[in-house]
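Please read the structure below before turning to the comments.
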Amino acid sequence: MTTIHPAFKEDNVAVITGAASGIGLAAARKFAGFGMSVVLVDLDGDRLAAAHADILTVAKDGEAQIVAIPTDVSKLDELEALERAVIQRFGRVHVLMNNAGIQPGSAIFGAQANWEKVINVNLMGVVNGSRVFGQGMVAHGEASLIINTGSKQGITTPPGDPAYNVSKAGVKAFTEALQHELRNIPNGAVSAHLLIPGFVFTGLTAHGRTEKPAGAWTGEQTVDFMIESIGKGDFYILCPDGEVDRPTDEKRILWAAQDIVHNRPPLSRWHTEYSAAFTTFLKN
Ligand SMILES: NC(=O)c1ccc[n+]([C@@H]2O[C@H](COP(=O)([O-])OP(=O)(O)OC[C@H]3O[C@@H](n4cnc5c(N)ncnc54)[C@H](O)[C@@H]3O)[C@@H](O)[C@H]2O)c1
């Protein structure tokens with residue numbers, strides 16, 4: 001039986017960034033289903049309004065429990081205004097999900113503005129979100145969670161989208177440090193967790209497709225796995241999908257770490273010189 005972490009409790013308060021779509025929207029639906037108050041955070045627009053209307057249909061107390069607050073997570077002043085608005089409305093926060101993210105694509109020598117945008121949304125949005133909300137969450141003393149959405153691309157850093165990889169590697173490093181800090185707080189009741197989705201069919205990965213590819217998970221599957229993993233006390237929520245199982249992920253992660261240990265070139269997994277060795281490593 002799944003243990004549900006005590007932060008996921010009726011009338012507790014959740015704040016979710018990137019809540020208008022995909023994994024964030026699925027989390028909002030799930031948390032509202034628990035009877036929690038949910039703050040939907042996303043860029044201003046029709047999608048946020050539609051998400052608000054959607055989540056209201058599953059909320060036990062309707063408008064009293066579900067609010068949408070347009071916020072650009074790449075802007076510190078907007079995150080600070082968000083925190084003030086949430087505290088004024090609900091008093092405290094029990095679940096903070098720093099989940100907003102973009103993947104416009106990038107190149108090492110590509111546009112400066114693109115690099116800054118990806119880093120500011122994906123990394124600084126998570127760092128600042130955790131810093132702006134974290135101390136208040138520690139102070140109220142009730143069981144609480146900060147869940148930051150990373151990526152396997154921040155761990156194995158495949159070629160093709162360096163800005164995204166850098167941003168997600170930063171989310172991993174930050175969230176590890178955050179959890180270390182939180183667990184050393186005497187009587188602390190907040191823990192941080194790194195959500196590492198697999199291939200999930202969302203706005204980010206649809207690329208014009210309207211049907212979920214067989215190998216992808218849904219946002220709902222991802223959120224169910226997240227809740228189950230947190231219930232078990234996992235920090236690293238390493239999600240499989242229909243194409244990649246956990247043993248394969250473990251091998252890929254180990255191979256990447258062993259580039260350093262074995263003094264191989266970086267990203268050797270994608271070097272033709274190492275492809276046979278990697279295939280053998282995967283099988284053993
Ligand atoms: N879908 C996958 O396969 C996958 C895999 C690994 C990691 N992720 C990560 O999961 C998270 C959620 O992505 P998703 O797949 O649900 O994509 P999505 O595009 O469906 O949802 C992301 C949401 O973030 C919002 N957003 C973007 N910039 C923002 C900003 N500056 N301020 C506030 N909101 C902003 C978008 O408007 C969107 O609603 C992201 O961090 C993404 O990098 C997704």
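Quick caveat: nothing in here was measured; it's all calculated off a predicted structure. Each ligand, and each atom within it, is numbered from 1 in the order the structure gives. We count residues from 1, following the sequence as given. What's counted below: heavy atoms across the whole structure, side chains too, no hydrogens, waters or symmetry copies.
- Residue G203 places at least one N or O, backbone or side chain, under 3.5 Å from an N or O of ligand 1.
- Between G24 and ligand 1, not a single N/O pair is under 3.5 Å apart.
- The shortest N or O to N or O distance between G18 and ligand 1 is not under 3.5 Å.
- Contacts of K152 with ligand 1, taken as heavy-atom pairs under 4.0 Å, are absent altogether.
- Using a 4.0 Å cut-off between heavy atoms, V121 contacts ligand 1 through its side chain alone, with no backbone atom that close.
- Short contacts between ligand 1 and I102, defined as distances under 4.0 Å to a heavy atom of the residue, involve ligand atoms 27 (C), 28 (N).
- In this model, a donor atom of one side chain and an acceptor atom of the other lie less than 3.5 Å apart for D161 and Q103.
- Taking a cutoff of 4.0 Å between a charged side-chain nitrogen and a carboxylate oxygen, R246 and D249 do not qualify as a salt bridge.
- The shortest N/O to N/O separation between V73 and ligand 1 falls below 3.5 Å.
- In L25, neither the side chain nor the backbone holds a heavy atom less than 4.0 Å from any atom of ligand 1.
- A donor atom on one side chain and an acceptor atom on the other are found under 3.5 Å apart for N148 and T175.
- By the criterion of a heavy-atom distance under 4.0 Å, the side chain of K168, and not its backbone, is placed next to ligand 1.
- When all heavy atoms of A100 and G18 are compared, the pair lying nearest together is CB-N, 3.6 Å.
- Near G150, with a cut-off below 4.0 Å to any heavy atom, the atoms of ligand 1 are 7 (C).
- R47 and D54 are not joined by a salt bridge, as no carboxylate oxygen comes within less than 4.0 angstrom of a charged side-chain nitrogen.
- Among the atoms of D72, some N or O lies under 3.5 angstrom from an N or O of ligand 1.
- Residue T149 approaches ligand 1 through these ligand atoms, each under 4.0 Å from one of its heavy atoms: 9 (C), 10 (O), 11 (C), 41 (O).
- Every atom of ligand 1 with a heavy atom of F199 under 4.0 Å away is listed here by number and element: 3 (O).
- For G125, the heavy-atom gap to ligand 1 stays at 4.0 angstrom or more.
- A 6.0 Å sphere centred on CD1 of I260 holds no more than 12 heavy atoms belonging to other residues, nucleotides or ligands.
- Closest to atom 19 (O) of ligand 1, if we only count protein heavy atoms, is L204 N, 3.3 Å.
- Residue-to-ligand polar distances place Y164 within reach of ligand 1: an N/O pair is separated by less than 3.5 Å.
- Across all their heavy atoms, G129 and L79 have their closest contact at N-CD1, 3.7 Å.
- Counting heavy atoms only, S21 comes closest to atom 21 (O) of ligand 1 of the residues G154, A19, G198, S21.
- Within the 4.0 Å heavy-atom criterion, both parts of N99, backbone and side chain, lie near ligand 1.
- Ligand 1 has at least one atom lying under 4.0 Å from a heavy atom of R47.
- Counting heavy atoms only, G101 comes closest to atom 22 (C) of ligand 1 of the residues A206, G22, G101, A26.
- When all heavy atoms are compared, the tightest approach of V86 to V15 is CG1-CG2, 4.0 Å.
- Nearest protein heavy-atom contact of atom 39 (O) of ligand 1 is D42 OD2, 2.6 Å.
- In this structure, a donor-acceptor pair under 3.5 Å is absent between the side chains of S275 and W270.
- In summary, the atoms of ligand 1 found under 4.0 Å from a heavy atom of T71, numbered by their order in the structure, are 32 (N), 33 (C).
- Side chains of N120 and S74: a donor-acceptor N/O pair is absent below 3.5 angstrom, by distance only.
- Listed here is the closest heavy atom pair of A192 and F235: O-CD1, 3.1 Å.
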Legend entry - side-chain contact (heavy atoms from CB on, under 4.5 Å) between H52 and E63, intermediate numbers included: CA-CA 9 Å; H52 187 202; E63 300 269 2; 4.1 Å; yes

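- Listed by number with element, the atoms of ligand 1 under 4.0 Å from a non-hydrogen atom of T205 are 1 (N), 2 (C), 3 (O).
- Between F90 and Q65, the closest heavy-atom pair is CZ-O, 3.8 Å.
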